[in-house]
Amino acid sequence: MMKVALFSSQNYEKPFFSEALKDHPQIELSYFSESLNEQTTALCQGFDAVCAFVNDTLNKTVLTELAESGIQTLALRCAGFNNVDIKTAQALGIKVVRVPAYSPEAVAEHCIALMLTLSRKTHKAYNRVREDNFDLNGLLGFNLHNKTIGVIGAGKIGQALIAILNGFGANILVYDPNIGEGSYTLSSLDMLLEQSDIISLNCPLSEATHHMINDNAFNKMKPGVMLINTSRGALIDTKACIRALKNSTLGYLGLDVYEQESELFFKNRSDEIIQDDVFSRLVSFPNVLITGHQGFFTQEALEQIANVTLFNLQEALDRRSELTNQVR
Ligand code: NAI
């Protein structure tokens with residue numbers, strides 16, 4: 001048997017895990033709505049493995065306590081692992097596994113949803129029509145056809161996005177140090193920043209990419225550019241972003257992720273006073289659209305997350321020497 005403590009649990013995940021568990025009778029899941037951090041590691045006592053999500057904290061302190069509690073496997077039910085101190089996990093003998101691709105199309109389609117909502121202002125039109133206001137003033141949009149769209153990071157999600165954008169007839173520039181030719185034009189980062197009408201961030205967060213979109217990057221962009229970030233909040237220096245919105249360099253901003261999202265996202269906070277003034281300022285701009293990390297949130301992706309997470313845990317339970325989805 002393998003006893004697994006699943007943190008940051010949400011009700012919407014449970015039916016997918018219940019279904020997937022039918023194929024894994026030796027795995028027992030306990031759901032904790034708490035996120036995993038220094039304050040909650042004590043909950044891991046008596047478990048063999050931990051299952052965590054994007055905003056759980058897996059730093060040296062937490063990992064050390066997990067190892068002392070006998071945890072041998074950390075199963076991430078996400079692709080990104082920037083929240084895990086991988087070196088420490090390796091040194092402690094904790095195997096880290098992840099779901100490398102649950103549905104790149106889900107996130108790519110969400111990028112498109114943000115782009116089209118911002119360009120065609122459907123969120124504003126929806127409210128107007130409900131109030132019998134059929135005035136078109138202020139709703140003027142622009143075509144994606146023939147626009148130059150810069151994709152930073154063309155891995156699984158970036159490639160899915162490029163496939164859709166080709167259908168729109170956009171000119172696609174790609175900056176990714178690790179990919180070859182394709183149905184796009186390979187570009188330097190500077191050229192992409194200078195020439196794009198829309199920029200989409202689809203690379204992982206790392207030391208190299210932290211705040212890659214800063215004052216310097218905004219200074220190179222076309223006035224009125226649209227920026228979309230569905231990857232990780234800290235790719236953007238949010239304060240620089242607010243400056244770019246105030247001086248109109250940034251014409252449209254679509255975010256599914258935010259630097260300090262772990263303090264905010266995935267909970268209903270409508271009865272709270274939000275203490276994050278930077279976030280509140282962002283929300284106040286008329287040309288900013290923020291969703292709360294829902295790019296992955298489709299039925300297809302949740303099914304895949306549950307299936308692959310349990311497959312990963314089963315491989316660890318079976319003591320496979322090579323785990324298919326291990327992070328190294
Ligand atoms: P991937 O690993 O398939 O592709 C990432 C690409 O970024 C690779 O081709 C890599 O060469 C490139 N890259 C690395 N460093 C770069 C740099 N400095 N500049 C430009 N490109 C660089 O990852 P995938 O599956 O496409 O996911 C991308 C990111 O999307 C994840 O790291 C994660 O942070 C985020 N994500 C967000 C979700 C959401 O719900 N909003 C859901 C899933 C992933």
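Each ligand, and each atom within it, is numbered from 1 in the order the structure gives. Given the structure is predicted, the values throughout are model-derived calculations rather than measurements. Residues take their numbers from the sequence shown, with the count starting at 1.
Using a 4.5 Å cut-off between side-chain heavy atoms of Ile, Leu, Val, Met, Phe, Trp and Tyr, with links allowed through other members, Met221 and Met212 fall into the same hydrophobic cluster.
Nearest non-hydrogen protein atom to atom 25 (O) of ligand 1 is Lys156 CE, 3.7 Å. Here the protein heavy atom with the shortest distance to atom 37 (C) of ligand 1 is Thr230 O, 3.1 Å. With respect to atom 17 (C) of ligand 1, the closest heavy atom belonging to the protein is Thr209 CG2, 3.8 Å. Of the protein's heavy atoms, Tyr102 OH, 3.1 Å lies nearest to atom 43 (C) of ligand 1.
Comparing heavy-atom distances from atom 39 (C) of ligand 1 across His293, Arg232, His210 singles out His293 as nearest. Of the candidates Gly153, Ala101, Pro204, it is Pro204 that places a heavy atom closest to atom 14 (C) of ligand 1.
No salt bridge links Lys267 with Glu272; every basic N to acidic carboxylate O contact stays at or beyond 4.0 Å.
Sorted pairs that involve residues 53-64 and meet salt bridge (charged side-chain N to carboxylate O under 4.0 Å, His left out), not counting sequence neighbours, are lacking altogether.
Within the structure, the closest approach of Pro104 to ligand 1 does not fall below 4.0 Å when heavy atoms are considered.
Taking the ring axis of Tyr31 as reference, the NZ or CZ atom of Lys14 stays within 45° of it and closer than 6.0 Å to the ring centre.
Below 4.0 Å from some heavy atom of Asn178 lie the following atoms of ligand 1, by number and element: 10 (C), 11 (O).
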